[in-house]
Protein chains: 2
Amino acid sequence: MARTVADKSDTLEPLARVFREHGYEGASVSMLCEATGLGKGSLYHFYPKGKAEMAATVLAAWDGWFETNVFLPLRSAEDGKQAVGAMLDSLTETYRSGRRICIFGMLALGSARDEFASAISGYFEKWIDALEVPLEQAGVDDPRVVAQEIIASIQGAIVLARALDDAELFNNAMVRIRKQYVS
Amino acid sequence: MARTVADKSDTLEPLARVFREHGYEGASVSMLCEATGLGKGSLYHFYPKGKAEMAATVLAAWDGWFETNVFLPLRSAEDGKQAVGAMLDSLTETYRSGRRICIFGMLALGSARDEFASAISGYFEKWIDALEVPLEQAGVDDPRVVAQEIIASIQGAIVLARALDDAELFNNAMVRIRKQYVS
DNA sequence: GTCTATAAAGCGATAGAC
DNA sequence: GTCTATCGCTTTATAGAC
């Protein structure tokens with residue numbers, strides 16, 4: 001069938017979806033072709049180094065999205081408590097109350113961790129650094145450790161919500177974090 | 001080379017190690033053969049249904065280990081706070097301060113979740129049920145929700161410790177849980 | 001930039017000798 | 001219970017026509 005000309009940026013969302021839903025090893029090029037609506041030739045035209053380059057590009061895009069929509073607002077907040085609350089709201093939507101997983105967290109637990117180690121650690125380091133700012137502003141003791149705890153709680157809530165197939169569990173975790181640290 | 005007769009139970013540890021380190025999709029039968037020191041014929045003799053049966057058996061073995069060494073002590077504890085503390089110590093060793101991951105948590109984030117859904121959810125449900133007992137005994141408010149939070153924190157600590165390659169992060173999380181709920 | 005055809009390797013799984 | 005050989009299929013990746 002005739003196919004319209006695609007832009008590389010159009011592939012990012014379907015690519016991310018497949019990696020999120022199947023993991024790095026579980027995502028095959030065939031799946032990635034089907035999701036993007038492109039043949040192998042087209043996909044390899046955009047990503048000459050193949051699957052690894054697709055995943056790296058997806059990670060970079062998510063990292064950028066978080067930088068703009070999560071990290072930057074945290075760093076530049078005027079009201080610390082309000083900023084952390086806004087982050088929790090934003091993440092609840094982004095992660096679909098735990099129905100969607102964090103692609104960085106997923107990769108951290110898999111065997112592809114080593115290949116993407118710097119992207120994964122860079123992402124979490126930036127998150128911790130950013131979250132520390134409003135926590136300190138809000139007068140929280142040991143803001144860096146608390147930032148780590150909050151991020152770990154969010155990642156754990158995703159794991160548990162998915163394991164038990166219970167989105168309410170994720171939402172409860174967000175409520176608890178809010179009450180405990182910023183209300 | 002001549003090979004000594006193997007027992008099926010001898011395969012469980014190497015099998016578990018490969019699944020933990022490579023994920024379900026990432027673990028190939030060749031790897032599983034090499035880790036167990038058995039040829040494909042031998043491995044399929046023990047596990048006629050192949051890789052899926054190997055993983056299911058590994059999960060059942062871990063479930064059994066947790067039942068005996070973690071869940072049962074929690075349920076039958078006389079001192080609630082002491083029992084939760086003992087669990088945290090035990091898990092710190094079991095998970096090697098986050099250097100080792102939880103195979104159930106890993107599967108929950110991957111695409112094999114659906115295939116092993118009941119094993120995964122059963123494991124976490126038993127854990128929550130068991131942990132609720134000593135928490136209630138210790139006078140903690142809303143012990144079931146707190147049990148869920150603690151387990152999520154542990155899973156999240158594994159994710160974050162692995163993402164940042166920092167075992168101290170896991171240990172700090174265990175210390176925080178102890179301080180917050182059972183000291 | 002798109003596609004189809006194809007290559008080479010690895011996959012999970014099986015058969016059958018010992 | 002162990003092994004080797006092999007099957008059929010899918011994998012990632014490439015080549016080359018359009």
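Below, all heavy atoms of this structure are taken into account, side chains as well, without hydrogens, waters or symmetry copies.
- Shown here are the side-chain hydrogen bond (donor to acceptor under 3.5 Å, both in side chains) partners of B/Arg178, two or more places apart in sequence or in another chain: B/Asp89.
- B/Ser97 meets the side-chain hydrogen bond (donor to acceptor under 3.5 Å, both in side chains) test with B/Asn171; sequence neighbours excluded.
- The stretch residues 130-139 of chain A participates, sequence neighbours left out, in these salt bridge (charged side-chain N to carboxylate O under 4.0 Å, His left out) pairs: A/Glu132-A/Arg144.
- Atoms CG (B/Leu38) and C1' (D/dT2) sit 8 Å apart, rounded to a whole Å.
- Identified under the side-chain hydrogen bond (donor to acceptor under 3.5 Å, both in side chains) test for residues 98-121 of chain A, with sequence neighbours left out: A/Glu25-A/Ser111.
- Contacts between residues 7-27 of chain B and DNA chain C, defined by a heavy-atom separation under 4.0 Å, are made by B/Ala27.
- We find that CD of B/Glu34 is positioned 17 Å from C1' of C/dG12, with the value rounded to whole Å.
- The salt bridge (charged side-chain N to carboxylate O under 4.0 Å, His left out) pairs that include a residue from residues 56-69 of chain B are B/Asp63-B/Lys126, B/Glu67-B/Arg75, where partners are two or more places apart or lie in different chains.
- Relative orientation of the A/Phe66 and A/Trp62 rings is tilted, given thresholds of 30° and 60° on the angle between their planes.
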With sugar-phosphate taken as primed atoms, P, OP1 and OP2 and all else as base, the protein-contact string of nucleotides 13-18 of chain D at under 4.0 Å (heavy atoms; B, S, -) is BB----

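- A/Arg20 is linked by a salt bridge (charged side-chain N to carboxylate O under 4.0 Å, His left out) to nothing, counting only residues two or more places apart in sequence or in another chain.
- Listed by first then second residue, pairs satisfying ring-ring contact (aromatic ring centres under 6.0 Å, His included) with a partner in residues 95-114 of chain A read A/Phe104-A/Tyr123, not counting sequence neighbours.
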Under 3.5 Å, which N/O atoms of the protein pair with N/O atoms of nucleotides 7-10 of chain D?
none

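- A sub-4.0 Å separation between OP1 or OP2 of C/dG1 and a side-chain N or O of A/Ser42 is absent.
- Considering only residues two or more places apart in sequence or on other chains, B/Asp142 meets the side-chain hydrogen bond (donor to acceptor under 3.5 Å, both in side chains) condition with none of them.
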Under 3.5 Å, which donor-acceptor pairs do the side chains of residues 47-60 of chain B form with other protein atoms, sequence neighbours left out?
{"from": "B/Tyr47", "atom 1": "OH", "to": "B/Thr11", "atom 2": "OG1", "distance (Å)": "2.6"}
{"from": "B/Lys51", "atom 1": "NZ", "to": "B/Tyr24", "atom 2": "O", "distance (Å)": "2.9"}
{"from": "B/Lys51", "atom 1": "NZ", "to": "B/Ala27", "atom 2": "O", "distance (Å)": "2.8"}
{"from": "B/Glu53", "atom 1": "OE1", "to": "B/Lys49", "atom 2": "N", "distance (Å)": "2.7"}
{"from": "B/Thr57", "atom 1": "OG1", "to": "B/Glu53", "atom 2": "O", "distance (Å)": "2.6"}

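- Counting to the nearest Å, the C1' atom of C/dT4 and the CG atom of A/Leu43 are 15 Å from each other.
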